[in-house]
Amino acid sequence: MRIIADKTCIVIEEIEHFDLKQTLECGQCFRYECISDNEYLVIAKNRTLHIKQEDNILFFYNSTMEEVQSIWCPYFDLNRDYGTIKKWLNERDNLIGEAIEQKSGVRILNQEFFEMLITFIISQNKQIPHIMQIVERISERFGEYIGEWNGKKYYSFPTPEVLSKATEQDFLDMKAGFRAKYLVDACKKVVSQELCENELRQMNYGEALEKIQIVKGIGEKVGNCILLFGLGRREAFPIDVWMIRILERLYFDEPVKKDEMQAFAKEHFGEYGGYAQQYLFYYARDNRVK
DNA sequence: TGCCAGGAAGTCC
DNA sequence: GGACTTCATGGC
């Protein structure tokens with residue numbers, strides 16, 4: 001991997017184990033727009049990013065060398081060796097290989113805690129396009145203006161302080177449905193420091209998973225998503241409907257309970273659970289397994 | 001129309 | 001402590 005400052009953009013060459021489309025569209029990210037093939041506008045980190053990939057070259061159009069190094073490389077998890085991760089998983093069994101092969105360009109984004117907290121509370125019993133709509137409404141109404149692209153205005157994801165001003169009715173108006181009261185509770189507990197990002201980061205995985213479930217509407221699955229995508233806990237293994245389908249197909253001969261799957265994943269994938277989960281999840285969803 | 005969606009809480013026994 | 005129901009909303 002090599003970073004170069006070109007005349008009009010920042011370029012990263014010789015990039016490996018990375019596919020922009022797969023990484024954005026695998027179901028972990030809810031704020032991006034496809035401009036053309038392998039070219040996207042990403043809304044994250046209180047700014048927009050116009051980014052494009054051609055083969056193993058990445059172009060950052062509206063950014064700086066400093067920003068690419070300090071913000072976007074960590075965001076896209078580009079400093080991590082995915083070759084080692086895939087090798088470890090492939091040596092663990094011969095069942096996950098097809099998913100890794102097909103989705104080999106997926107990286108786990110390092111997104112922001114509060115945004116993931118709110119987003120995955122919304123995600124329960126909802127399809128991804130609709131989650132994206134609600135997150136966009138929240139940002140438009142409570143976030144700050146961060147720029148315009150193709151005549152459309154974009155807004156940052158709001159801070160806990162600002163979003164805590166939203167009422168249950170506000171969230172209902174933004175079509176959050178029965179999750180509205182959960183969102184109010186989440187904001188309240190973050191602002192009051194009852195739920196503190198830094199404390200969660202210092203806890204071990206089990207403690208953090210238990211702690212985050214003090215928020216109403218967060219159970220084991222949503223909690224694991226927040227830990228994986230918003231707190232960098234790569235051992236987190238969220239099990240949703242797609243994971244139940246693919247795990248049953250690959251690893252079990254008969255229907256098993258979620259608890260048993262969770263225990264299996266912990267024992268089998270260990271600290272690499274999050275990567276295994278994302279390859280399998282995207283593979284299962286994209287191929288509409290069972 | 002009925003069924004399902006990156007589920008969790010409430011209620012029943 | 002497990003199984004069943006309910007909770008908004010939208011896409012198919």
Side-chain angles (χ1 to χ4, degrees), chain A residues 22-32 99 103 106-109 111-113 115-138 141 166-189 195 209-231 233-250 255-263 265 269 273-290:
Chain A
Q22 287 184 350
T23 296
L24 290 175
E25 298 192 358
C26 70
Q28 64 177 324
C29 181
F30 301 87
R31 301 201 72 194
Y32 63 85
K103 305 302 177 193
V106 170
R107 286 183 183 241
I108 308 277
L109 296 173
Q111 303 184 75
E112 288 171 286
F113 167 70
E115 184 174 337
M116 293 298 98
L117 177 71
I118 298 300
T119 300
F120 278 98
I121 289 173
I122 293 166
S123 79
Q124 87 164 250
N125 219 37
K126 277 217 163 297
Q127 296 188 106
I128 291 172
H130 195 210
I131 301 167
M132 297 172 89
Q133 285 177 21
I134 298 173
V135 171
E136 185 165 352
R137 286 191 197 109
I138 290 176
R141 182 150 169 207
T167 63
E168 182 175 345
Q169 186 59 48
D170 288 330
F171 287 119
L172 286 172
D173 293 343
M174 294 184 284
K175 306 299 179 188
F178 62 85
R179 306 157 197 78
K181 53 184 176 294
Y182 302 155
L183 297 172
V184 171
D185 186 55
C187 291
K188 191 185 85 184
K189 283 177 174 150
L195 189 70
L209 184 59
E210 189 179 13
K211 176 74 179 181
I212 203 161
Q213 291 179 68
I214 66 168
V215 176
K216 288 185 187 131
I218 298 184
E220 193 170 23
K221 188 272 170 183
V222 168
N224 270 298
C225 283
I226 299 165
L227 260 57
L228 178 58
F229 301 124
L231 290 169
R233 305 307 273 262
R234 300 306 208 248
E235 67 268 56
F237 194 91
I239 298 180
D240 72 323
V241 291
W242 291 107
M243 288 306 293
I244 289 171
R245 291 170 189 158
I246 190 70
L247 289 174
E248 275 189 0
R249 171 183 285 198
L250 293 182
V256 290
K257 289 174 187 159
K258 239 177 108 172
D259 288 353
E260 192 178 333
M261 290 186 173
Q262 204 80 60
F269 297 118
Y275 305 104
Q277 194 275 352
Q278 203 56 23
Y279 291 127
L280 289 169
F281 167 80
Y282 191 22
Y283 175 83
R285 187 169 67 89
D286 209 30
N287 294 288
R288 287 167 176 55
V289 166
K290 194 177 71 179

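Not measured: the values here are computed from a predicted model. Below, each value reflects all heavy atoms present in this structure, side chains not excepted, and no hydrogens, waters or symmetry copies.
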Nucleotide N/O of nucleotides 1-3 of chain C paired with protein N/O under 3.5 Å:
none

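For the atom pair OH (A/Y279) and CD1 (A/I108), the distance works out to 7.5 Å, reported to the nearest 0.5 Å. Taking CZ from A/R179 and CZ from A/F171, the interatomic distance works out to 13.0 Å, rounded to the nearest 0.5 Å.
Across all strands shown, A/Q213 has no heavy atoms under 4.0 Å from either base or sugar-phosphate atoms. A/G27 comes within contact range of at least one nucleobase, with a heavy-atom separation under 4.0 Å. No engagement by A/Y282 is indicated, since no non-hydrogen atom pair under 4.0 Å with the nucleic acid exists.
Counting only N and O atoms by type, the side chains of A/N224 and A/E220 include no donor and acceptor under 3.5 Å apart.
Only A/K175, A/G177, A/F178, A/R179, listed by number, bring a heavy atom of residues 175-183 of chain A to less than 4.0 angstrom from any atom of DNA chain C.
With DNA chain C read from its 5' end, the first of the two nearest nucleotides for A/Q124 and A/H130 is the one closest to A/Q124. Comparing A/Q28 and A/G217, the nucleotide of DNA chain B nearest to each residue sits closer to the 5' end for A/Q28.
Along DNA chain B, read 5' to 3', the first and last nucleotides having any atom under 4.0 Å from a heavy atom of chain A are B/dA5 to B/dA9.
Classification of the A/F30-A/F120 ring pair by plane angle, with boundaries at 30° and 60°, yields perpendicular.
In this structure, A/N125 places its CG atom 13 Å from C1' of C/dT5, rounding to the nearest Å. Computed from coordinates, the A/L172 CG to C/dC7 P distance equals 14 Å when rounded to whole Å.
Each of A/I118, A/I128, A/I131 was compared with A/S123 under the side chain to side chain contact (heavy atoms under 4.5 Å, CB included) criterion, and only A/I131 meets it.
Annotation: salt bridge (Lys or Arg N to Asp or Glu O under 4.0 Å) contacts of A/D286 (sequence neighbours excluded): A/K103. Every residue meeting the salt bridge (Lys or Arg N to Asp or Glu O under 4.0 Å) condition with A/K189, not counting sequence neighbours, appears here in chain and number order: A/D185.
Applying the side chain to side chain donor-acceptor pair (under 3.5 Å) test to every pair with at least one member in residues 235-249 of chain A, sequence neighbours left out, gives no pairs at all.
For C/dG2 and B/dG6, the C1' atoms lie 24 Å apart once the distance is rounded to whole Å.
Looking at A/Q111, its side chain never comes within 3.5 Å of a backbone N or O of A/F229 through a donor-acceptor pair.
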